[in-house]
Number of protein chains: 2
Amino acid sequence: MPYDPSAFPPFAVTVDLVVLTVRRHALCALAVRRGEPPFQGRWALPGGFVRADEDLAQAAARELAEETGLRVHDPAVPAQDNGAHLEQLATYGDPKRDPRMRVVSVAHLALAPDLPPPRAGGDASNARWAPVEELLQQGGYGREAEPVAPLAFDHAQILADGVERARSKIEYSSLATAFCPPEFTVGELRRVYEAVWGVALDPRNFHRKVTGTPGFLVPTGGTTTRQGGRPAQLFRAGGATLLNPPMLRPEV
Amino acid sequence: MPYDPSAFPPFAVTVDLVVLTVRRHALCALAVRRGEPPFQGRWALPGGFVRADEDLAQAAARELAEETGLRVHDPAVPAQDNGAHLEQLATYGDPKRDPRMRVVSVAHLALAPDLPPPRAGGDASNARWAPVEELLQQGGYGREAEPVAPLAFDHAQILADGVERARSKIEYSSLATAFCPPEFTVGELRRVYEAVWGVALDPRNFHRKVTGTPGFLVPTGGTTTRQGGRPAQLFRAGGATLLNPPMLRPEV
DNA sequence: GATCATAGTCGTCTGCCTGACGATAAACAC
DNA sequence: GTGTTTATCGTCAGGCAGACGACTATGATC
């Protein structure tokens with residue numbers, strides 16, 4: 001295949017973001033309302049074109065900052081701020097996924113602690129955290145009787161893939177701490193697992209598991225009663241990124 | 001962001017393939033020799049441009065068929081032929097990864113049983129199976145005193161990511177059977193794990209594990225002595241794709 | 001201030017799985 | 001037959017997870 005610029009068709013390349021957080025015991029994703037066709041008025045995942053001089057990860061981080069103000073957590077400086085976790089998810093390139101032209105979208109997955117409601121281009125009414133359950137049901141309606149689903153383009157599929165990635169990855173990594181503030185309690189971490197998996201976990205076994213895994217949690221010495229009840233120890237995420245043996249997701 | 005075709009830069013989109021197999025107790029990858037600049041004469045992963053009307057998976061399957069003659073295994077018809085397993089790996093889009101122009105490559109991972117030596121465009125000398133160990137070492141030399149490494153572009157990184165994906169995925173899935181012929185013995189499957197992980201496994205514990213996992217293996221009734229020694233039962237891959245509990249990779 | 005509700009933390013027990021490894025079986029080479 | 005190779009079954013101890021009891025330390029309520 002000799003080099004011939006006319007030999008390949010031109011593509012537009014975008015990044016789309018699955019930004020997940022845990023709010024009110026529910027796994028939520030960031031959705032923005034589309035202002036122009038196609039799918040005008042429908043909700044979609046945030047995203048945008050990759051610029052000519054940008055790496056894919058840079059483009060995703062830029063979009064994330066534009067939509068949420070979040071900086072990306074630098075893995076070289078662990079457990080330092082509440083920057084978000086960002087990783088590449090998958091790439092979607094069906095020829096018909098965008099009716100305007102051939103667009104290949106490199107989806108990224110971002111995990112963030114609970115945040116104030118987002119603004120999209122300064123307009124809060126065009127961005128919201130929505131429970132993934134609502135976003136993924138066919139033709140579902142949000143609490144405000146405003147349809148949030150189905151998402152535009154193939155974004156329901158992208159979101160589903162991102163949720164599945166998050167659900168499986170917190171099993172064998174310390175990624176669940178990305179949903180927590182810099183200091184958190186064992187109970188708060190457990191509620192993250194419960195929200196992401198949609199199950200109830202035994203507090204005693206969970207406590208034994210996470211505190212018994214070396215490098216997972218480091219106590220800060222402080223305590224808090226912000227969850228009510230007996231004061232709980234505060235922890236920060238330890239350096240360990242891989243959980244071995246993994247946290248077992250209860251079956252069914 | 002109103003629709004404006006001049007608002008985004010044009011990209012070329014390619015698929016690159018990490019095709020893995022197990023040959024002579026070693027994990028090997030398919031490499032092709034580049035016929036033109038850049039990196040002329042160097043070895044690279046097979047790949048090519050995505051066509052205008054093609055899905056990414058279709059493009060990857062087409063390239064795989066062109067390079068190896070392999071068809072992609074249809075998950076809807078499990079354990080039927082020795083088609084290859086194909087999945088998307090990751091996407092690489094550094095602005096400088098190709099000196100000619102902006103190329104975004106959607107890498108795919110393919111796992112195949114041991115195959116006859118490949119042909120690239122009919123020329124066998126320009127395609128070979130090389131142990132990933134040789135391909136990944138810096139400036140390494142193959143047995144024929146011909147340099148196979150480093151690979152062109154960022155293909156060493158792509159290959160390393162693909163190998164890591166394969167190594168981790170056979171832990172918790174039945175993917176290792178994709179390296180085996182349609183009918184195989186427990187010992188042959190064990191040698192796949194040993195080659196991919198580069199470790200020695202206890203034959204007795206391995207046998208207990210795989211035969212005790214429901215849905216993983218189904219006996220065909222036949223036996224074979226192609227490995228020497230006592231005749232071994234032949235199995236086909238069962239329908240189960242997830243291995244729970246997972247096969248544990250010995251640490252270090 | 002006593003009581004209650006809530007959440008956190010420590011233990012116990014049982015069953016399952018794994019790693020280590022002995023023992024036997026069935027082929028082939030000489 | 002003897003030795004070698006590979007397959008397969010069994011045994012045993014240790015580790016971990018699920019189920020669950022017991023106790024602790026707060027705030028809320030009467």
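In what follows, every chain begins at residue 1, and chains take the letters A, B, ... in the order their sequences are listed.
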(request) Answer yes or no for R128(B) and W43(B): cation-pi contact, defined as NZ/CZ to six-membered ring centre under 6.0 Å and angle to ring axis within 45°. (result) yes
(request) Look at R191(A) and dG8(C) and indicate whether a side-chain polar atom (N or O) is within less than 4.0 Å of OP1 or OP2. (result) yes
(request) Starting from the 5' end of DNA chain C, give me the residue, P246(B) or G229(B), whose nearest nucleotide shows up first. (result) P246(B)
(request) Find the distance F206(B):CZ to dG10(D):C1' and express it as a whole number of Å. (result) 19 Å
(request) Measure from CG on L217(A) to P on dT9(C) and round the result to the nearest Å. (result) 11 Å
(message) Side chain of R208(A), heavy atoms from C-beta onward: which of dA17(D), dA27(C), dA7(D) has the nearest atom to it?
(response) dA17(D)
(request) Would you please confirm or rule out a distance under 4.0 Å between OP1 or OP2 of dG8(C) and any side-chain N or O of H207(A)? (result) no
(message) Nearest whole Å is fine: how far is dC12(D) C1' from N205(B) CG?
(response) 12 Å
(message) Using OP1 and OP2 only, check whether a side-chain N or O of K209(B) sits under 4.0 Å from dC17(C).
(response) no
(message) Minimum heavy-atom separation for L70(A) and A84(A), please, with both atom names.
(response) CD1-CB, 3.8 Å
(request) Let me know the distance between CZ of R204(B) and C1' of dT24(C), rounded to the nearest Å. (result) 12 Å
(message) Of the listed nucleotides (dT18(C), dG8(C), dA17(D)), which one gets closest to any side-chain atom of P245(B)?
(response) dT18(C)
(request) Give one of base, sugar-phosphate or nothing for R226(B), where a contact means two heavy atoms less than 4.0 Å apart. (result) nothing
(message) Which heavy atom of L20(B) sits nearest to which heavy atom of G162(B), and what is that distance?
(response) CD1-O, 4.2 Å
(request) Round to a whole Å and report the spacing from CD of Q233(B) to P of dT8(D). (result) 6 Å
(message) Quick check: on DNA chain C, is the nucleotide nearest G187(A) upstream (toward 5') of the one nearest D202(B), or the reverse? Name the residue that is more 5'.
(response) G187(A)
(request) Round to a whole Å and report the spacing from CZ of R230(B) to P of dA7(D). (result) 10 Å
(request) Report yes or no: do Q157(B) and H155(B) form a side-chain donor-acceptor pair below 3.5 Å? (result) no
(message) Taking 4.0 Å as the cut-off, does a side-chain nitrogen or oxygen of R190(A) come that near to OP1 or OP2 on dG8(C)?
(response) yes
(request) Give a yes or no on whether the ring-centroid distance for F206(A) and Y193(A) is below 6.0 angstrom. (result) yes
(message) Rounding to an integer number of Å, can you tell me how far Q227(A) CD sits from dG27(D) C1'?
(response) 14 Å
(request) Could you state the atom-to-atom distance from CG of L201(B) to P of dA7(D) in whole Å? (result) 13 Å
